[in-house]
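Every number for a ligand or one of its atoms is a count from 1 in the order of the listing. Keep in mind the model is a prediction, meaning the values are calculated, not measured.
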Amino acid sequence: MPNMRVVQVARPKGPLELAEREIPEPNAGQVRIKVHACGVCHSDSVTKEGLLPNIAYPRVPGHEVIGTIDAVGPAVPGWRPGQRVGVGWHGGNCGYCDACRGGDAFACETETLVTGVTHDGGYAEYMIAPATALARVPDDLSAVEAAPLMCAGITTFNALRNSGARPGETVAVLGIGGLGHLGVQFAVKMGFRTVAIARGEDKAPLARKLGAHHYIDSAAEDPAAALQKLGGARVILATAASGAAMNAVQGGLGIRGTLLIVGVPDSLNINPLPLIFGSRSVQGWYSGTSIDSQQTLAFSALTGVRSMNEFYPLARAPEAYDRMMSGRARFRVVLTMGE
Ligand SMILES: [Zn+2]
Ligand SMILES: [Zn+2]
């Protein structure tokens with residue numbers, strides 16, 4: 001079998017390193033994907049830094065994968081070589097546990113598979129994926145356009161569409177970075193009155209370009225008061241990984257409003273009185289499963305939602321990772337495999 005190039009982490013906190021491996025064969029229930037592009041996500045630090053127990057090293061990170069099925073293992077109905085597919089954080093599910101049968105496959109109890117964490121991911125020319133992790137990719141989305149939608153996209157899209165907000169209601173997006181610049185676009189295309197919140201007047205043109213109807217500069221004014229002036233938010237999608245920023249906006253929720261958390265702050269202070277007296281809530285949202293990814297891609301192709309990306313070839317993955325971790329990328333970083 002010929003070899004492939006991968007970028008792996010040999011030990012927790014070790015460097016990302018280019019390596020050669022044999023191209024693997026898919027087992028039952030799995031396919032092999034020829035990877036075309038893979039997004040670089042902050043959650044890749046889970047593998048790089050060893051933030052979860054029992055990660056087996058060396059491990060190939062990467063959970064924003066777009067490619068083409070290249071080989072199909074036994075017992076994989078419905079998929080064939082040549083189909084374009086995506087794989088996200090959700091690395092597959094069993095289909096028979098109580099959570100799966102209850103429609104909560106994201107919380108599968110028997111196989112907590114995470115792409116690039118429990119098995120090798122997309123910083124590679126080829127990867128193996130369970131068929132339950134596959135999303136179909138529309139023809140009119142390129143691999144590099146689609147890759148960041150497999151994590152940053154699905155997370156914001158799926159949170160917003162399940163938020164309970166209805167068209168015309170006010171939805172605020174806190175932060176307009178990697179997650180938030182997609183969240184604003186999705187909120188606009190879903191028909192919400194969309195408010196972007198970030199620090200600095202210099203972000204106002206970006207917010208407008210993304211389609212936001214209002215922009216709140218939280219460095220210049222109290223974002224909670226500004227939201228209340230707009231009538232209060234039905235939903236605040238918190239994408240910025242800042243507890244202080246989340247604390248500052250919670251007072252902007254309208255009656256029955258929800259602070260919907262997808263960014264990961266170190267800690268969070270919630271004032272319980274407005275929750276009680278306004279029946280408000282604080283909720284987290286898991287990104288989603290393969291069908292949610294597929295619907296994210298389809299919606300993005302249909303409505304023109306696109307990630308803004310910086311590109312690096314696979315061999316420069318360490319540089320790409322550092323760029324993403326610096327927080328200065330505008331806005332997602334994508335590895336391309338090339339030939
Ligand atoms: Zn991610
Ligand atoms: Zn299950």
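A donor atom on one side chain and an acceptor atom on the other are not found under 3.5 Å apart for Arg306 and Gln185. In the model, Gln250 has no side-chain atom that pairs as donor or acceptor with a side-chain atom of Arg280 under 3.5 Å. Side-chain contact annotation: Thr68 with His36, donor-acceptor N/O pair under 3.5 Å present. Thr289 and Asp292 share a donor-acceptor pair across their side chains, judged by distance under 3.5 Å alone.
Between the SG atom of Cys94 and the SG atom of Cys97, the angle centred on the Zn ion (ligand 2) amounts to 110° when rounded to 10°. Rounding to 10 degrees gives 130° for the angle at the Zn ion (ligand 1) between SG of Cys41 and SG of Cys151.
Shortest distance from the Zn ion (ligand 1) to His63 is reached at NE2 (N/O/S atoms only).
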